[in-house]
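The structure appears below as structure tokens.
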Amino acid sequence: MESRCSSSADSRLTSRGVGSINTAGICARVESYESGEKKCISDVRRTFCLFVTFDLLFITLLWIIELNVNGGIQKQLDKEVLHYDYRASFFDIFLLAVFRFATLILAYAVCKLRHWWAIAITTAASCAFLIVKVILSKLLSQGAFGYLLPIISFVLAWIETWLLDFKVLPQEAEDENRYQSIMDATERAPLMYPGPLSDGQFYSPPESVADSDEELDDKHDPEKGLIQQLT
């Protein structure tokens with residue numbers, strides 16, 4: 001009898017322990033996800049915004065170097081900005097990088113969009129503008145920068161598209177689905193693992209030694225038992 005009681009008690013303790021461990025693990029994962037949600041922006045989205053900033057700074061640096069190489073910054077600014085010529089100026093490639101930066105930062109850092117339409121607009125506009133400019137302009141006759149600036153601008157636009165479409169949006173969707181599954185498991189946890197039970201719910205009264213002795217005597221002496229029943 002004692003062995004059965006001890007085994008049932010152990011099984012109850014084990015089930016309660018497993019339930020508490022599982023519930024604690026689920027709560028820990030929920031808290032970690034909620035702490036991540038408290039950030040202004042996710043890690044992967046922040047990396048994307050940093051790359052967009054790098055795009056603008058890199059194109060700006062190359063344009064400044066081109067201005068300095070071809071006769072001085074002040075003189076070339078007057079030629080390429082104030083007397084803008086679509087066929088010979090690199091100023092529009094710089095403005096294209098500013099357009100990509102402003103649109104993508106506004107859409108994915110400020111508004112926190114979860115759709116690809118903004119990056120599709122910037123990439124399509126960049127590709128169309130650069131292809132037409134290379135065909136119609138005289139950039140290829142202006143040295144290395146005539147090749148370098150259009151090609152780098154084209155490549156950076158497509159790298160931004162790849163980062164958003166294959167890294168940012170899938171990772172955030174996966175994190176959201178994982179959070180939803182954890183919340184569903186947390187809601188089912190109280191039903192699967194109830195709280196600790198009191199010992200009184202499993203109390204079984206001890207057997208009376210006197211009653212057991214009388215029952216044994218009745219079995220050995222049937223006449224005595226018959227007399228007690230008649231009286």
**OP:** Check the pair Tyr84 / Asp92 against side chain to side chain contact (heavy atoms under 4.5 Å, CB included), numbers first and verdict last.
**Re:** CA-CA 9 Å; Tyr84 170 75; Asp92 47 12; 2.7 Å; yes

Original post:
How far apart are the C-alpha atoms of Val44 and Leu163, what are their side-chain angles, what is the distance that settles it, and do they pass the side chain to side chain contact (heavy atoms under 4.5 Å, CB included) test?
Top reply: CA-CA 9 Å; Val44 65; Leu163 279 175; over 6 Å; no

Original post:
Can you find a pair of side-chain heavy atoms, one from Ile73 and one from Ile64, that are under 4.5 Å apart?
Top reply: yes

**OP:** Verify, without hydrogens or angle tests, whether Ser141 (side chain) and Lys138 (backbone) share a donor-acceptor contact under 3.5 angstrom.
**Re:** yes

**OP:** Determine whether Arg87 and Lys133 make a side-chain contact, defined as any pair of heavy atoms from C-beta on separated by less than 4.5 Å.
**Re:** no

Original post:
Between Cys49 and Ile105, is any pair of side-chain heavy atoms under 4.5 Å apart?
Top reply: yes

Original post:
Any side-chain heavy atom of Cys127 sitting closer than 4.5 Å to one from Trp158?
Top reply: yes

**OP:** Step by step, work out the ring pair (Phe, Tyr, Trp, His ring centres under 6.0 Å) result for Phe91 and Trp63.
**Re:** CA-CA 8 Å; Phe91 179 59; Trp63 183 51; 5.5 Å; yes

**OP:** Measure the spacing between CG of Asp55 and CG of Leu50 and express it to the nearest 0.5 Å.
**Re:** 12.5 Å

**OP:** To the nearest 0.5 angstrom, please state how far the CG atom of Leu164 sits from the CZ atom of Arg45.
**Re:** 7.5 Å

Original post:
Could you go step by step and tell me if Thr161 and Thr123 meet the side chain to side chain donor-acceptor pair (under 3.5 Å) rule?
Top reply: CA-CA 7 Å; Thr161 304; Thr123 303; 2.5 Å; yes

Original post:
Would you say Glu160's side chain and Phe48's backbone share a donor-acceptor pair under 3.5 angstrom?
Top reply: no

**OP:** Rounded to the nearest 0.5 Å, what's the gap from OG on Ser89 to CD on Glu80? Could you check?
**Re:** 4.0 Å

Original post:
What are the two closest heavy atoms between Tyr86 and Ser137, and how far apart are they?
Top reply: O-CB, 3.9 Å

**OP:** Under the side chain to side chain contact (heavy atoms under 4.5 Å, CB included) rule, what do Leu82 and Leu77 come out as? Steps first, then yes or no, please.
**Re:** CA-CA 7 Å; Leu82 298 180; Leu77 281 177; over 6 Å; no

**OP:** Check whether any side-chain heavy atom of Leu139 sits under 4.5 Å from a side-chain heavy atom of Val134, and report yes or no.
**Re:** no

**OP:** Spell out, as yes or no, whether a donor-acceptor pair under 3.5 Å connects the side chain of Ser153 to the backbone of Leu149.
**Re:** no

Original post:
So do Glu176 and Gln171 actually touch side chain to side chain, heavy atoms under 4.5 Å?
Top reply: no

**OP:** For the pair Lys167 and Glu172, find out whether any cationic side-chain nitrogen is under 4.0 Å from an anionic carboxylate oxygen.
**Re:** no

Original post:
Can you tell me how far CZ of Phe58 sits from OG1 of Thr60, rounded to the nearest 0.5 angstrom?
Top reply: 11.0 Å

**OP:** Kindly determine whether Val98 and Leu56 satisfy side chain to side chain contact (heavy atoms under 4.5 Å, CB included), including the steps that lead there.
**Re:** CA-CA 6 Å; Val98 173; Leu56 174 63; 3.6 Å; yes

Original post:
If you measure from CG on Leu95 to CZ on Arg100, what distance do you get to the nearest 0.5 Å?
Top reply: 11.5 Å

Original post:
Does the Tyr108 side chain pair with the main chain of Ile119, one donor and one acceptor, at a distance under 3.5 Å?
Top reply: yes

**OP:** Determine, for Asp78 against Lys75, whether the closest basic-nitrogen to carboxylate-oxygen distance falls under 4.0 angstrom.
**Re:** no

Subject >> Co-membership, hydrophobic cluster, residues Leu57 and Ile159, 4.5 Å side-chain >> reply: no

Original post:
Can you tell me how far CZ of Phe94 sits from CD1 of Ile59, rounded to the nearest 0.5 angstrom?
Top reply: 10.0 Å

Subject >> Residues clustered with Val110, ILVMFWY side-chain links under 4.5 angstrom >> reply: Leu106

